[in-house]
Peer 1: 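Encoded as C-alpha cells, here's the structure I'll be asking about.
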2 protein chains.
Amino acid sequence: MKIGDAAKQSGVPAKTIRYYESVGLIEAATRQDNGYRDYSETDVHTLRFISRARGLGFTVKDVAMLLALYRDSSRASADVKAVAARHVDRIDEKIAELQSMRQTLLHLIDRCHGDDRPDCPILADLAGARVSA
Amino acid sequence: MKIGDAAKQSGVPAKTIRYYESVGLIEAATRQDNGYRDYSETDVHTLRFISRARGLGFTVKDVAMLLALYRDSSRASADVKAVAARHVDRIDEKIAELQSMRQTLLHLIDRCHGDDRPDCPILADLAGARVSA
DNA sequence: CTTGATCTTCCAGTGACTGGAAGCCCTATA
DNA sequence: TATAGGGCTTCCAGTCACTGGAAGATCAAG
C-alpha cells in the first residue's frame, strides 16, 4: 500500500513516516515501480507501535530500543521494564517541576488585583521583590 | 561591565545573553572601545527578570510581553494576570497529559515481571493488545 | 485531456538554547 | 618582551521531533 494509506491506517502522518525513515527509526520502505513507497500490514503494525509509544512520551531513541526489544524474542522483560521505569522517572521530574511553577504562579496570580491599576505582584516578583507567603 | 560579569551576576550564561540579543528579547548592548558588549546594573536586573520568568516556564515570547508590561508604568495589572493565567492553563494541560502517561506506564510496569523471561505486557500493549485493568 | 489528489525530494523553520571553531583582545608572569 | 591563558567576538551546526512548503512526477476519474 502507498504511504497515504499507511498513514491513515496507522494514524502516523505521511510526512512523519518519511521522517522516521530518514532518522532510521523504521527501515527504508521498498518501492513500487513508480518509485512510491510500498507498505505492508506489518509496517502499519510497526507504525502503530511507534505511535503508541510516542503517545506515552517515549523519545524516538527509546522507541527504537523498545522496537528492538519487541523484535528480539529472546529479550528479558527486565530490559523493557527498565526503559519504562526510567521514563516514568523523567515524567515524575517533569511533573514536579511543573507543579512547582504552577504553585508559584497561582500564588502570585491570587495576589494580583487584575484590574486597571498598574500595581502587580507578578511583575514585582519577577523584578526580584520577595512576595509574602 | 563585560558579558562574563553580567552572566555571573544574573545567572544567565553569556551564550544565552547573546542569544537573547539575537532574537530581540533584549536590546543590542552598547559596545566598549574594543568591541566588547557593555552591560549596566539595569541590564543585569533585566536579565534576572528574564531568568525568573523563564524559570516559571514562560516562553520567550511571553517574557517579551511581561518585560514590556513591566516597563509600561501605565499597564493594567489585568494584562499581566491574563498572561500568567494563560500560562497556568498550559501548565495544567501539560501536567494532565504527563499524569495520564504516568498512570498508563505504572499500570503496565506493575504487570511486567521484570525478569529474564521475554513475556512482557508493556510490549504487548504497545503492539496493540488491550491490557486488563 | 485535464483536473486534482497524491506521491517524490529537498530545504527551511519551530523553541530555546548549546557546542565548537577561528580569531582578536587583555593581563600576568618568566 | 615573549608568551600563555582566559575571555571576548562572530558564525555555523546540532539538539528534538516534527511540520510546512516548493517544485516536479504520477495516477485515477470525469
Side-chain angles (χ1 to χ4, degrees), chain A residues 1-26 28-39 43-44 46-47 49-67 86-87 90-91 93-94 97-98 101, chain B residues 1-26 28-39 43-44 46-47 49-67 86-87 90-91 93-94 97-98 101:
Chain A
M1 83 186 75
K2 287 183 285 183
I3 199 168
D5 295 322
K8 252 170 237 157
Q9 287 189 36
S10 66
V12 179
K15 201 106 201 189
T16 305
I17 297 176
R18 290 193 202 98
Y19 168 74
Y20 285 158
E21 181 183 308
S22 81
V23 298
L25 179 59
I26 56 179
T30 56
R31 301 296 180 121
Q32 297 173 348
D33 290 345
N34 54 19
Y36 288 10
R37 286 175 180 79
D38 196 14
Y39 295 93
D43 293 329
V44 170
T46 299
L47 287 169
F49 182 104
I50 292 170
S51 180
R52 284 200 199 87
R54 293 283 304 125
L56 286 174
F58 285 104
T59 64
V60 165
K61 235 177 215 166
D62 277 346
V63 176
M65 202 171 300
L66 291 169
L67 262 181
R86 243 189 307 113
H87 183 44
R90 281 195 306 259
I91 288 177
E93 276 172 33
K94 194 81 200 158
E97 194 188 336
L98 289 172
M101 290 175 182
Chain B
M1 83 187 74
K2 287 182 285 181
I3 198 169
D5 295 322
K8 253 171 236 154
Q9 287 189 36
S10 66
V12 179
K15 200 108 202 186
T16 305
I17 297 176
R18 289 193 202 98
Y19 168 73
Y20 285 158
E21 181 183 309
S22 81
V23 296
L25 178 59
I26 55 179
T30 55
R31 302 295 180 124
Q32 296 172 348
D33 290 345
N34 55 17
Y36 288 11
R37 285 174 180 79
D38 197 13
Y39 295 93
D43 294 328
V44 170
T46 299
L47 287 169
F49 182 103
I50 292 170
S51 180
R52 285 200 197 87
R54 292 284 304 125
L56 286 175
F58 285 105
T59 64
V60 166
K61 234 176 218 169
D62 277 346
V63 176
M65 202 171 301
L66 291 170
L67 262 180
R86 246 190 306 116
H87 183 43
R90 281 196 306 258
I91 288 177
E93 275 172 32
K94 194 81 199 161
E97 193 188 338
L98 289 171
M101 289 175 183

Peer 1: Identify each donor-acceptor pair in which a side-chain atom of residues 49-57 of chain A lies under 3.5 Å from a protein atom, sequence neighbours left out, and give them as a table.
Peer 2:
residue, atom, partner, partner atom, Å
A/R52, NH1, B/L126, O, 2.7
A/R54, NH1, A/F58, O, 2.5

Peer 1: Grab the CG-C1' distance between A/N34 and C/dT6 for me, whole Å please.
Peer 2: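 After rounding, the gap between these two atoms is 11 Å.
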Peer 1: Would a 4.5 Å heavy-atom cut-off, applied to side chains only, mark B/K61 and B/M65 as touching?
Peer 2: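 Not in contact.
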Peer 1: Restricting to pairs with a member in residues 3-16 of chain A, which pass salt bridge (charged side-chain N to carboxylate O under 4.0 Å, His left out), not counting sequence neighbours?
Peer 2: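 Applying salt bridge (charged side-chain N to carboxylate O under 4.0 Å, His left out) to every pair that reaches into residues 3-16 of chain A, excluding sequence neighbours, yields nothing.
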Peer 1: side-chain hydrogen bond (donor to acceptor under 3.5 Å, both in side chains) with A/R86: which residues, sequence neighbours excluded?
Peer 2: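 Listed in chain order: nothing, the list is empty.
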Peer 1: For A/P13 and A/A7, which heavy atoms make the closest approach, and how far apart are they?
Peer 2: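 Scanning both residues, the minimum pair turns out to be C-CB, 4.1 Å.
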Peer 1: To the nearest Å, give me how far apart CZ (A/R31) and P (C/dT6) are.
Peer 2: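 Checked: the CZ to P distance equals 18 Å.
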Peer 1: Does anything in residues 12-25 of chain A reach DNA chain D, meaning a heavy atom under 4.0 Å, and if so which residues?
Peer 2: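 Result for residues 12-25 of chain A: A/K15, A/T16, A/Y19, A/Y20, sorted by number.
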Peer 1: Who passes side-chain hydrogen bond (donor to acceptor under 3.5 Å, both in side chains) against B/D38, sequence neighbours left out?
Peer 2: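 Counting only residues at least two positions away or on another chain, B/D38 forms a side-chain hydrogen bond (donor to acceptor under 3.5 Å, both in side chains) with B/Q32.
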Peer 1: Check side chain to side chain contact (heavy atoms under 4.5 Å, CB included) between B/R37 and all other residues, then give those that pass, not counting sequence neighbours.
Peer 2: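 Checked B/R37 against side chain to side chain contact (heavy atoms under 4.5 Å, CB included); matches are B/I3, B/R18, B/E21, B/A29, B/R31, B/Y39.
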Peer 1: Any side-chain heavy atom of A/Y20 sitting closer than 4.5 Å to one from A/V12?
Peer 2: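 Touching, per the 4.5 Å side-chain cut-off.
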Peer 1: So which one's nearest nucleotide on DNA chain C is more toward 5', A/Y39 or B/K61?
Peer 2: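 The answer here is A/Y39.
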Peer 1: Among residues at least two apart in sequence or on other chains, which ones pass side chain to side chain contact (heavy atoms under 4.5 Å, CB included) with B/V44?
Peer 2: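 Testing B/V44 for side chain to side chain contact (heavy atoms under 4.5 Å, CB included), a comparison that skips the adjacent residues, returns B/M1, B/A6, B/Q9, B/S10, B/R48.
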Peer 1: Using only atom types and a distance under 3.5 Å, with no angle test, would you say the side chain of A/T59 pairs donor to acceptor with the backbone of A/D62?
Peer 2: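 A pair under 3.5 Å: yes.
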Peer 1: Using a 4.0 Å cut-off to any heavy atom of chain B, which nucleotides of DNA chain D are the first and last in contact, reading 5' to 3'?
Peer 2: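 Both ends considered, the range comes out as D/dG7 to D/dT10.
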Peer 1: Starting from the first five and the last five pairs of the helix from C/dC1-D/dG30 to C/dA30-D/dT1, work out the angle between the resulting helix axes, to 10 degrees.
Peer 2: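 End-to-end axis angle: 30°.
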Peer 1: Do the side chains of B/I26 and B/D43 get nearer than 4.5 Å, heavy atoms only?
Peer 2: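 No, their side chains stay 4.5 Å or more apart.
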Peer 1: Please list, in numerical order, the residues of residues 2-11 of chain B that have a heavy atom closer than 4.0 Å to any atom of DNA chain C.
Peer 2: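 Correct list: empty, so none.
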Peer 1: Could you tell me the separation between the CD1 atom of A/I17 and the CG atom of A/L47, rounded to the nearest 0.5 Å?
Peer 2: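 Answer for the CD1-CG pair, A/I17 versus A/L47, is 5.0 Å.
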Peer 1: Could you please spell out the steps behind the side chain to side chain contact (heavy atoms under 4.5 Å, CB included) verdict for A/M101 and A/E97?
Peer 2: CA-CA 6 Å; A/M101 290 175 182; A/E97 194 188 336; 3.7 Å; yes
